[in-house]
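Since the structure comes first, as C-alpha cells, the remarks are kept for the end.
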2 protein chains.
Amino acid sequence: MKIDKSTGEILREKREEKGLLLRQVAAKLDIDTAILSKIERSERKASKEQIIKLAKILDLKEENLLIQYLSEKILYEIKDEELGSKALKVAEKKMKYIRKNKSGN
Amino acid sequence: MKIDKSTGEILREKREEKGLLLRQVAAKLDIDTAILSKIERSERKASKEQIIKLAKILDLKEENLLIQYLSEKILYEIKDEELGSKALKVAEKKMKYIRKNKSGN
DNA sequence: GATTAATTTGACTATCATTGTCAAATGAAA
DNA sequence: TTTCATTTGACAATGATAGTCAAATTAATC
C-alpha cells in the first residue's frame, strides 16, 4: 500500500499509463470532465461508487483503492486537529472493543 | 481514556452527577432541550464548539472530551465499512508520514 | 392515582456542504 | 495558429445537518 500518494495521484498516474483521456473516463463515470479533473487533483472527493467504478476502469485493485480512499476520508476529518493522532489511536481501540463485543451497539 | 462509553453517555452521566437539568445545560449552549437530549442519546452529533462549551459547563477535561468526540467522528466515517480497520491503520501511517515531512502538502 | 415537571419523539424548516453542469480560460501538441 | 485536453470558477440542484416547536411519554411528587 502506497502511503505517500493521494488517491487522486494514483488515479491520474494509472489513467495516463493507460493512455486514457479525462473525457473518456469521465464519460464512463457519467460525470463531467471537470469533476474528474478535480478529483485527480484532490480538489474534490470521489464517491465510494465512483471509486469502485474507477478501480474497474483503470484495472486497479478495488480493495486497495477503497482502503486508500477511506483512509483519506478519515484523515480529512482530523486534518486541522491538534489532537488528531490521539483521536486516531482511541478510534482504533474503540474499534477493537466493538469488534470484541460484537453486538452492534 | 474510557473507550467503552459514548460521548453522549459521558455527558449524561456528568450532567446527572451535577444535578443539572437538560433545560439548564441546553440554555447555556443556546440550543433547544430536544437537541441536547438527542446528543446525550447519540441520536445527533454535537458540534466541536458545543463540546468545548460542554466541557466547561460540566467540568470535564476539554482535551479528553475532544479526543473522545473526534474518535467518534472517525468511527462514524467507517462504521459500515468492511475495510474500516485496515483504513484506520493506513490513516495512521499516512499521518506519521505527513508529520515526518511536515510541509503541509 | 392525579398533577406537574422532565425528557423524548417526530414533523417541519433553515442552513450549509456536496455534487454536479456549463462556459470560458489556459496549456499542450500538431 | 488551430485544435484538442485540461483547468477554473460561477452557478444550480441536491442532500445532509442542525435547529425549532408542540405533542407524547416517562418520572417524580403530592
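Every chain is numbered from 1, with letters handed out A, B, ... down the list of sequences.
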Item checked: Partner set under side-chain hydrogen bond (donor to acceptor under 3.5 Å, both in side chains) for Lys18(B), not counting sequence neighbours -> Asp59(B)

Note to self: For Glu16(A), is the CD atom crowded, meaning more than 12 foreign heavy atoms sit under 6.0 Å from it?
What the structure shows: yes

Margin query: Taking 4.0 Å as the cut-off, does a side-chain nitrogen or oxygen of Arg12(A) come that near to OP1 or OP2 on dA5(D)?
Written below: no

Check: Looking at Gln50(A), does any N or O in its side chain come under 4.0 Å of the phosphate oxygens OP1/OP2 on dG20(C)?
Finding: yes

Notebook entry, point to check: For the pair made of CZ in Arg44(B) and C1' in dG10(C), what is the distance, rounded to whole Å?
Noted result: 10 Å

Notebook entry, point to check: In whole Å, what is the span from the CG atom of Leu21(B) to the P atom of dA6(C)?
Noted result: 5 Å

Check: Between Lys53(A) and Leu29(A), what is the shortest heavy-atom contact and its length?
Finding: CB-CD2, 3.5 Å

Item checked: Minimal non-hydrogen separation, Gln24(B) against Gly19(B), with atom names -> OE1-O, 4.2 Å

Next item on the list: Kindly point out which of dT17(D), dT18(C), dG20(C) is positioned nearest to the side chain of Tyr76(B)?
Entry: dT17(D)

Notebook entry, point to check: What nucleotide among dG20(C), dT6(D), dT8(C) has an atom nearest to a side-chain atom of Arg41(B)?
Noted result: dT8(C)

Checklist line | Leu65(B) and Leu11(B): CA distance, side-chain angles, deciding distance, side chain to side chain contact (heavy atoms under 4.5 Å, CB included) verdict | finding: CA-CA 9 Å; Leu65(B) 197 59; Leu11(B) 294 173; 4.1 Å; yes

Next item on the list: Strictly below 4.0 Å, heavy-atom distances to any atom of DNA chain C: list the hits from residues 22-39 of chain B, or just say none.
Entry: Leu22(B), Arg23(B), Ala34(B), Ser37(B), Lys38(B)

Next item on the list: Using a heavy-atom cut-off of under 4.0 Å over every strand shown, decide if Glu16(B) touches base, sugar-phosphate, or nothing.
Entry: nothing

Checklist line | Sidechain N-carboxylate O distance under 4.0 Å for Lys61(A), Glu63(A) | finding: no

